[in-house]
**Q** 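This is the structure I have questions about; it appears just below.
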Amino acid sequence: MAPHNLPPSEGTPALVDFSVDLTTQEVQRQAQVLAALGPDWDPMEVMRGEEAAYDLLYSGLDEEQQRLYDDLVAAGVLPPRGGGHAAA
């Protein structure tokens with residue numbers, strides 16, 4: 001089927017350069033995200049809170065849960081924590 005925008009005698013249309021610079025949109029998006037987080041946002045505190053939550057999540061495991069956790073770490077599904085075992 002011939003392209004509908006060219007007469008059949010002209011063959012394949014030439015490629016047209018199409019580029020979009022998203023730099024200004026990305027800068028605006030980043031500024032809006034930071035404004036939404038507010039001036040009191042502390043990324044290090046957020047990371048410490050996440051680590052504490054993971055420590056709590058994997059604490060107090062019974063023997064079977066600990067075995068499963070260790071298997072998941074060995075398989076690379078979960079990252080190792082502490083000395084290779086879930087927090088006690």
Side-chain angles (χ1 to χ4, degrees):
M1 172 184 242
H4 68 278
N5 59 346
L6 294 177
S9 62
E10 290 190 30
T12 307
L15 295 177
V16 176
D17 182 34
F18 181 78
S19 63
V20 177
D21 182 7
L22 298 175
T23 305
T24 56
Q25 287 85 0
E26 180 60 22
V27 169
Q28 183 180 16
R29 184 200 63 81
Q30 184 180 17
Q32 290 171 341
V33 167
L34 292 174
L37 290 171
D40 297 330
W41 181 65
D42 181 1
M44 293 307 296
E45 182 60 32
V46 170
M47 292 299 294
R48 284 189 291 272
E50 286 186 12
E51 287 299 316
Y54 279 117
D55 289 343
L56 183 59
L57 177 65
Y58 296 118
S59 67
L61 300 179
D62 65 28
E63 190 174 305
E64 176 64 17
Q65 292 168 331
Q66 184 67 52
R67 186 196 59 74
L68 181 58
Y69 172 84
D70 292 339
D71 289 347
L72 291 172
V73 170
V77 175
L78 293 174
R81 305 191 60 75
H85 294 281

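All residue numbers refer to positions in the sequence shown, counting from 1.
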**Q** Apply side chain to side chain contact (heavy atoms under 4.5 Å, CB included) to Gln28 and Gln32, showing your working.
**A** CA-CA 6 Å; Gln28 183 180 16; Gln32 290 171 341; 3.7 Å; yes
**Q** Return the set of residues passing side chain to side chain contact (heavy atoms under 4.5 Å, CB included) with Glu63 (not counting sequence neighbours), or none when no residue passes.
**A**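 Side chain to side chain contact (heavy atoms under 4.5 Å, CB included) list for Glu63, sorted by chain: empty.
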**Q** With a cutoff of under 4.5 Å between side-chain heavy atoms, which Ile, Leu, Val, Met, Phe, Trp and Tyr residues group with Met44?
**A**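 Result for Met44 is none, singleton.
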**Q** Please enumerate all residues that pass side chain to side chain contact (heavy atoms under 4.5 Å, CB included) together with Asp21, with sequence neighbours excluded.
**A**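 If we apply the side chain to side chain contact (heavy atoms under 4.5 Å, CB included) test to Asp21, skipping adjacent residues, the hits are Thr23.
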**Q** Taking atom CD of Glu50 as the centre, report whether more than 12 heavy atoms of other residues, nucleotides or ligands fall under 6.0 Å from it.
**A**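 Yes, enclosed.
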**Q** Under 4.5 Å between side-chain heavy atoms, hopping through other hydrophobics if needed: is there a path connecting Met47 to Tyr58?
**A**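 No.
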**Q** Are any non-hydrogen side-chain atoms of Val20 and Leu22 less than 4.5 angstrom apart?
**A**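 Contact flag for Val20/Leu22 side chains = yes.
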**Q** Which residues pass the side chain to side chain contact (heavy atoms under 4.5 Å, CB included) test with Glu64, sequence neighbours left out?
**A**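 For Glu64 the side chain to side chain contact (heavy atoms under 4.5 Å, CB included) partners, ignoring immediate neighbours, are Asp62, Arg67.
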**Q** What residues form a salt bridge (Lys or Arg N to Asp or Glu O under 4.0 Å) with Glu45, not counting sequence neighbours?
**A**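 Per chain and number, Glu45 pairs via salt bridge (Lys or Arg N to Asp or Glu O under 4.0 Å) with Arg48.
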**Q** Measure the OH-CG distance between Tyr54 and Leu78 for me, rounded to the nearest 0.5 Å.
**A**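 Atom-to-atom, Tyr54:OH and Leu78:CG are 9.0 Å apart.
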**Q** Leu37: what forms a side chain to side chain contact (heavy atoms under 4.5 Å, CB included) with it, not counting sequence neighbours?
**A**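 Checked Leu37 against side chain to side chain contact (heavy atoms under 4.5 Å, CB included); matches are Val33, Leu34, Trp41.
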